[in-house]
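Heavy-atom basis, side chains included; hydrogens, waters and symmetry copies ignored. Chain A is the first sequence line, chain B the second, and so forth, proteins listed ahead of strands; every chain is numbered from 1.
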Amino acid sequence: MNAPRVTDTTLRDGSHAMKHQFTREQVQKIVQALDAAGVPVIEVTHGDGLAGSSIQYGFSGTSEMELIETARQAASRAKIAALLIPGIGTRQELREAAARGVQVVRIATHCTEADISEQHFGLAKELGLETVGFLMMAHMRPPEFLAEQAALMQSYGADCVYIVDSAGAMLPDDARARVRALKERLSVQVGFHAHNNLGLAIGNTLAALEAGADQVDGCLRGLGAGAGNAPTELIAAVLDRLGINPGLDVFALMDAAEYIVAPIMPYQPIPDRDAITIGYAGVYSTFLLHARHIAAEFGLDPRELLVELGRRQAVAGQEDWILDVAVDLVQAKQQVA
Amino acid sequence: MYKLLRDPGHMELALVAGIDPQSEGLARARALGIPASHEGITAVLADPEIKIVFDATSAKAHVRHAKLLREAGKIAVDLTPAARGPYVVPPVNLGQHLDEPNVNLITCGGQATIPLIYAVSRVTPVRYAEIVSTVASRSAGPGTRQNIDEFTYTTARGLEAIGGAEQGKAIIILNPAEPPILMRNTIYVIPAGDFDQGAVVASVEQMVADVQRYVPGYRLKSAPVFDRRSTPWGGRVVIAMLLEVTGAGDFLPPYAGNLDIMTAAARQVGELFARHLLGVREEVAA
């Protein structure tokens with residue numbers, strides 16, 4: 001196992017749990033702490049990537065461009081990254097993010113749709129950015145298929161391609177096989193992004209490292225969508241115990257999680273009833289809060305919604321299907337009654 | 001082509017033109033007894049009887065074609081993102097553009113959602129409109145995939161210019177589920193002030209009926225949903241409409257409602273132009 005590069009995405013994946021209400025002060029403090037603790041890449045964007053501020057996903061309290069600028073000013077060593085999901089964000093926002101100080105762009109597509117990302121990788125390279133491809137909901141396709149999609153991203157200019165377990169649905173063998181398939185197929189780096197819906201975020205991250213992952217993601221205190229991500233401070237402690245600490249200050253990250261992030265969190269993401277259902281049903285982790293809101297409005301159990309969304313093979317970003325499914329379930333119940 | 005054969009209205013399909021001699025589409029046209037040419041725009045320009053041309057090539061090609069067709073006195077119905085002429089959505093604004101030499105059909109998502117945003121904006125001013133188009137992966141061709149940003153930009157502009165929203169936003173999602181999903185659109189509208197929910201519902205129902213006249217598979221999954229959300233303009237009632245478009249299955253499979261609504265809108269635009277040219281005085285859906 002090699003010492004991986006760790007990207008902290010508290011300020012992007014954590015934006016879901018924060019309902020996209022991070023303030024400039026919070027961003028400044030978190031970036032300063034991560035930077036001082038030796039985290040090399042810090043992702044700052046609306047949870048659904050550039051231009052994610054919307055009715056569909058929730059409006060940002062503070063514009064992500066301002067937050068990116070704040071982060072850039074607060075970091076002395078770390079690179080600032082942004083997420084871009086083609087179909088939501090466009091090259092227009094990518095240009096602006098680069099102008100505000102983003103140095104790494106992570107371009108995410110559903111794991112079958114890599115070919116919609118070509119124009120975005122093209123522009124990113126033109127702008128001189130480091131590029132990472134993100135194959136979301138990767139539990140839905142087998143390793144060899146994912147390797148083909150990853151090869152497309154590599155051909156467009158990705159410097160690294162991630163297996164993204166957006167649903168937190170993978171078991172360690174799933175993570176291992178997928179990362180291995182990409183390692184065998186690609187000449188560029190391979191990464192892994194975990195969610196903790198089945199309590200396996202750290203376990204799957206370790207399996208990915210065993211399979212040769214070069215990059216992994218974490219969030220302070222696990223602040224991310226669904227049951228959250230692999231906690232950055234926990235990744236640091238485990239890597240240190242494995243003897244492959246890439247230069248992270250374990251105690252400083254624990255302090256950042258304990259004293260900066262925990263006090264501002266609206267709740268501690270854990271594998272509770274609804275989050276486990278997300279992992280179990282294999283749906284996008286960000287559906288958690290939206291499903292709870294809609295379930296309450298329609299008098300339904302969020303689990304009914306989530307299981308049905310899994311059955312319909314919903315993909316990342318389809319929050320509007322939750323309403324759709326709720327309408328269908330209510331209509332079906334009325335017909336029975 | 002299939003829509004024009006099934007229901008030609010006041011038009012007659014005189015020619016199908018492409019640029020590939022081996023084209024399957026041209027072969028299919030010939031098999032049905034329709035004149036077909038692989039000489040592209042040249043063949044179209046050579047026939048003075050042709051008055052209306054549906055251009056489904058590419059934005060780049062249409063920029064060139066638009067000029068040639070205008071000089072030849074032919075009306076161009078543009079299905080590419082070139083947008084040389086005004087945007088049209090048949091039940092909203094086509095009536096205003098029947099003397100234009102060139103009109104543009106925006107995008108499939110625009111054709112599907114703009115009528116319903118207009119249905120709201122004609123009864124109460126709209127501060128913000130947002131649409132999410134989800135289409136089956138199989139129905140999104142290489143052109144759409146390589147230029148996905150253009151869908152976003154063009155549709156958002158259409159929501160504003162034709163839908164009447166002060167600010168518009170568009171999102172597109174491709175879903176690879178098998179069997180393929182029907183084209184789905186979610187339309188969110190935030191009115192500028194207080195509004196009469198009953199008037200909105202009545203206007204939307206009327207518009208759905210108007211669109212169904214040329215897109216039979218166009219339907220709302222339920223009555224509009226009114227949901228209070230926090231927005232940049234404070235806590236506001238958001239109108240959510242869930243729209244499904246089933247293709248007519250003339251040639252493309254029924255799940256490709258996104259492609260069907262474009263061709264259905266094109267046929268409708270062609271028909272209204274034809275009636276206008278012929279001086280046929282019938283009710284124009286506008």
Side-chain angles (χ1 to χ4, degrees), chain A residues 19-21 48 51-61 63 84-94 109-120 122-123 137 140-141 145 156 293-294 297-298 311-328 330-331, chain B residues 109 128-138 140-142 144-154 156 169-182 184-190 220-223 225-234 236 238-244:
Chain A
K19 292 193 170 173
H20 316 292
Q21 301 301 307
D48 294 272
S53 181
S54 57
I55 300 175
Q56 171 88 344
Y57 306 120
F59 287 105
S60 297
S63 113
L84 168 64
I85 304 179
I88 302 174
T90 67
R91 285 165 294 168
Q92 202 172 303
E93 291 84 26
L94 179 56
T109 71
H110 183 64
C111 64
T112 59
E113 313 295 318
D115 65 352
I116 63 172
S117 63
E118 187 175 2
Q119 59 183 178
H120 311 90
L123 175 64
M137 300 291 280
M140 293 175 85
R141 289 293 184 278
F145 182 97
Y156 303 149
H293 171 81
I294 303 269
E297 293 269 307
F298 285 79
R311 201 189 62 75
R312 292 190 189 185
Q313 304 168 58
V315 304
Q318 284 194 277
E319 272 75 351
D320 55 320
W321 260 21
I322 303 172
L323 181 58
D324 207 294
V325 168
V327 166
D328 285 348
V330 168
Q331 281 174 357
Chain B
Y128 177 89
E130 177 180 311
I131 68 106
V132 184
S133 267
T134 307
V135 303
S137 293
R138 282 213 219 165
T144 303
R145 291 171 171 279
Q146 283 159 20
N147 299 290
I148 200 152
D149 283 2
E150 279 66 21
F151 175 95
T152 313
Y153 300 142
T154 308
K169 181 177 182 66
I171 293 169
I172 180 168
I173 296 170
L174 305 181
N175 180 309
E178 290 292 340
I181 59 160
L182 296 172
R184 286 198 63 292
N185 301 276
T186 299
I187 299 147
Y188 301 106
V189 181
I190 303 179
L220 280 184
K221 288 201 66 173
S222 69
V225 175
F226 300 92
D227 188 19
R228 204 168 175 81
R229 306 264 183 112
S230 57
T231 76
W233 308 280
R236 301 293 283 273
V238 173
I239 307 167
M241 294 176 272
L242 308 176
L243 172 70
E244 203 165 74

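- Neither the backbone nor the side chain of B/S133 comes within less than 4.5 Å of any heavy atom in chain A.
- When every heavy atom of B/I148 is checked against every heavy atom of A/P86, the shortest pair comes out as CG2-CB, 4.2 Å.
- A/D324 contributes no side-chain N or O that, together with a main-chain N or O of B/L242, makes up a donor-acceptor pair within less than 3.5 Å.
- For the pair B/I181/A/W321, a side-chain contact is recorded, criterion being any heavy-atom separation below 4.5 Å from C-beta on.
- Contact of B/E178 with chain A is made through the backbone alone, with heavy-atom distances under 4.5 Å.
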Intermediate values then yes/no, side-chain contact (heavy atoms from CB on, under 4.5 Å), B/T152 and A/Q92: CA-CA 11 Å; B/T152 313; A/Q92 202 172 303; over 6 Å; no

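- Look at A/E118 and B/R145 and you find no salt bridge, because none of the NZ, NE, NH1 or NH2 atoms lies under 4.0 Å from a carboxylate O.
- Proximity of A/R141 to B/P176: side-chain heavy atoms (C-beta onward) are separated by under 4.5 Å at one or more points.
- Comparing B/I190, B/T144, B/T134, B/I172 by heavy-atom pairs within less than 4.5 Å of chain A, the highest count is held by B/I172.
- For chain A, the option among B/V238, B/N147, B/V225 with the highest count of heavy-atom pairs below 4.5 Å is B/N147.
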message: Run A/L323 and B/T186 through side-chain contact (heavy atoms from CB on, under 4.5 Å) and show every step you take.
response: CA-CA 10 Å; A/L323 181 58; B/T186 299; 5.6 Å; no

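- Contact of A/I85 with chain B is not made at all, since no heavy-atom distance falls under 4.5 Å.
- Using modelled atom types, no side-chain atom of A/E113 and backbone atom of B/S137 make a donor-acceptor pair closer than 3.5 Å.
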- prompt: B/R229 and A/F59: side-chain contact (heavy atoms from CB on, under 4.5 Å), yes or no, with the steps?
  reply: CA-CA 10 Å; B/R229 306 264 183 112; A/F59 287 105; over 6 Å; no

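- Both the backbone and the side chain of A/A51 come within contact range of chain B, judged by heavy atoms closer than 4.5 Å.
- Ranked by heavy-atom pairs under 4.5 Å with chain B, the first of A/I88, A/T109, A/D328, A/D115 is A/D115.
- Shown here are the side chain to side chain contact (heavy atoms under 4.5 Å, CB included) partners of A/R91, two or more places apart in sequence or in another chain: A/Q119, A/H120, A/L123, B/D149, B/E150, B/Y153.
- In this structure, no portion of B/A140 lies under 4.5 Å from any heavy atom of chain A.
- Across A/S117, A/G58, A/G87, the residue that shares the most heavy-atom pairs under 4.5 angstrom with chain B is A/G87.
- Counting only heavy atoms from C-beta outward, the side chains of B/D227 and A/H293 approach each other to under 4.5 Å.
- With a threshold of 4.5 angstrom between heavy atoms, A/S53 approaches chain B through N, CA, C or O but not through any side-chain atom.
- Proximity to chain B (any heavy atom under 4.5 Å) is restricted, for A/V327, to the side chain, taken from C-beta onward.
- Annotation for B/I173 and A/A316: closest pair CG2-O, 4.2 Å, computed over non-hydrogen atoms.
- Crowding of A/K19 atom NZ: a count of heavy atoms from other residues, nucleotides or ligands under 6.0 Å not exceeding 12.
- No side-chain donor-acceptor contact under 3.5 Å links B/K169 to the backbone of A/I55.
- Only the side chain of B/E130 comes within contact range of chain A, with at least one heavy atom under 4.5 Å from a heavy atom of that chain.
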